[in-house]
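Data block below; observations after.
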Amino acid sequence: MPRPCSIHCVMPSECGRAPGIAHHPAFRPAAAATALAIAATLLALAPPRALAATRPSPGPRTAASAEPPFPAGRLLAPAPASRPEAASQPEAAFPPEAASRPEAASRLKEASRSEAASSAARKRTVPPRDVLPDLPSSQRLDQQLAEYALRASGIGWRSTGRCSDRMVRTCTSFEGIRWGTLRSLIDFAESSGCEVTVTGGTEHGHAGGTYSHANGYKIDIATGACVDEAVRRYPSIGVRGDGARLHRSPEGVVFAREKDHWDITIRRGPRG
């Protein structure tokens, strides 16, 4: 009687002598166990790159997160491309004029001179000192023209009321002052080299008379070391009725030393 084929037979010729063995109840579980063991062995022996190839791709990664998996790969990987903004930054930092340094420097100097000239023109509200109107000494000036001439000569003025209204005694007004009076004061400032400040003009509150403040023949200036010394160089001509000491310049200008200022009388100007 022939020997039945077991589930452990290997040779097909031996299994072929027992027809129907594949349908034996114990064959299927044993075959499944054997297949699982073979698959586990193949997975253990497979190289890592082959396993990575079988895994599903997680999707495209950005350039910032895409790095080679191994240190050697990182060293050999090409450097990432620079951003467009970074590539254009050096060109913005160095304009085309930088290619020609002498020309760029020349253009910058010309632009600086032009800007300085424009700024000076905007700031200058009066002409230089030597630009003054050529008027007869008897010419009466308005406030604006008188201020114009004083500023042009570097002479300032002040008032306790900070105003220029001729009708207010706390103001300092030049309305109606004679050009000879103003011109003589400018000559004194230039010859003495002192800083001169006007404290009184044609406003109300001064003594009357023909050669008075109101008629444009007088003007008051503040005292000071430089001004006092310059006036005292002129010969003394006595004392006025109110006690003020008097000095007269070679041009005939009389300076009277009052309490806190010099009272100046100009009967004739440089041109009579």
Side-chain angles (χ1 to χ4, degrees), residues 121 123-224 226-227 230-231 233-235 237 240 242 244 246-258 260-272:
K123 291 180 180 178
R124 182 188 297 174
T125 56
V126 296
R129 178 181 291 239
D130 58 346
V131 180
L132 290 174
D134 185 14
L135 303 172
S137 296
S138 59
Q139 177 70 46
R140 304 283 176 165
L141 307 181
D142 59 15
Q143 182 73 23
Q144 185 177 6
L145 182 57
E147 290 182 0
Y148 174 96
L150 291 174
R151 283 200 192 98
S153 303
I155 298 176
W157 61 91
R158 66 170 182 256
S159 67
T160 56
R162 298 185 178 184
C163 51
S164 60
D165 190 342
R166 186 175 183 178
M167 306 305 294
V168 180
R169 60 187 305 157
T170 57
C171 297
T172 297
S173 175
F174 305 120
E175 190 72 33
I177 196 169
R178 297 170 72 251
W179 170 242
T181 302
L182 216 60
R183 180 76 231 200
S184 295
L185 177 64
I186 293 171
D187 291 343
F188 169 76
E190 291 179 349
S191 63
S192 66
C194 299
E195 182 178 349
V196 176
T197 302
V198 179
T199 60
T202 58
E203 67 278 354
H204 284 194
H206 299 281
T210 303
Y211 301 105
S212 63
H213 282 271
N215 289 337
Y217 286 92
K218 283 192 172 189
I219 192 167
D220 294 341
I221 63 172
T223 60
C226 182
V227 171
V231 173
R233 292 195 192 109
Y234 302 142
I237 57 172
R240 201 169 61 180
D242 58 356
L246 303 176
H247 295 266
R248 186 195 302 272
S249 73
E251 293 78 22
V253 179
V254 177
F255 296 81
R257 180 63 162 86
E258 296 190 3
D260 58 356
H261 64 272
W262 287 96
D263 178 76
I264 306 174
T265 305
I266 302 98
R267 296 193 179 190
R268 296 176 58 121
R271 293 177 54 186

Please tabulate, one pair per line, all N/O donor-acceptor pairs under 3.5 Å involving side-chain atoms of residues 193-200, not counting sequence neighbours.
none

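Geometric assessment of Arg257 against the ring of Trp262 yields a positive cation-pi assignment under the 6.0 Å and 45° thresholds.
Between the side chains of Glu175 and Ser173, no donor N or O sits under 3.5 Å from an acceptor N or O.
Residues Leu150 and Phe174 are in side-chain contact: their nearest non-hydrogen atoms beyond the backbone lie under 4.5 Å apart. For the pair Leu185 and Ile177, the minimum side-chain heavy-atom distance is 4.5 Å or more. Side chains of Val231 and Phe188 form a contact here, defined as non-hydrogen atoms less than 4.5 Å apart. Counting heavy atoms from C-beta outward, Leu135 and Leu141 have side chains that approach closer than 4.5 Å. For the pair His213/Asp220, a side-chain contact is recorded, criterion being any heavy-atom separation below 4.5 Å from C-beta on.
When every heavy atom of Gln143 is checked against every heavy atom of Ser164, the shortest pair comes out as NE2-CB, 3.5 Å. In terms of heavy atoms, Ile266 sits closest to Thr181 at CD1-CG2, 3.6 Å.
More than 12 heavy atoms of other residues, nucleotides or ligands sit less than 6.0 Å from atom CZ of Arg140.
With sequence neighbours left out, the salt bridge (charged side-chain N to carboxylate O under 4.0 Å, His left out) criterion links Arg240 to Asp242, Glu258, Asp263.
Distance check, rounded to the nearest 0.5 Å: CD1 of Ile219 to OG1 of Thr265 gives 11.0 Å.
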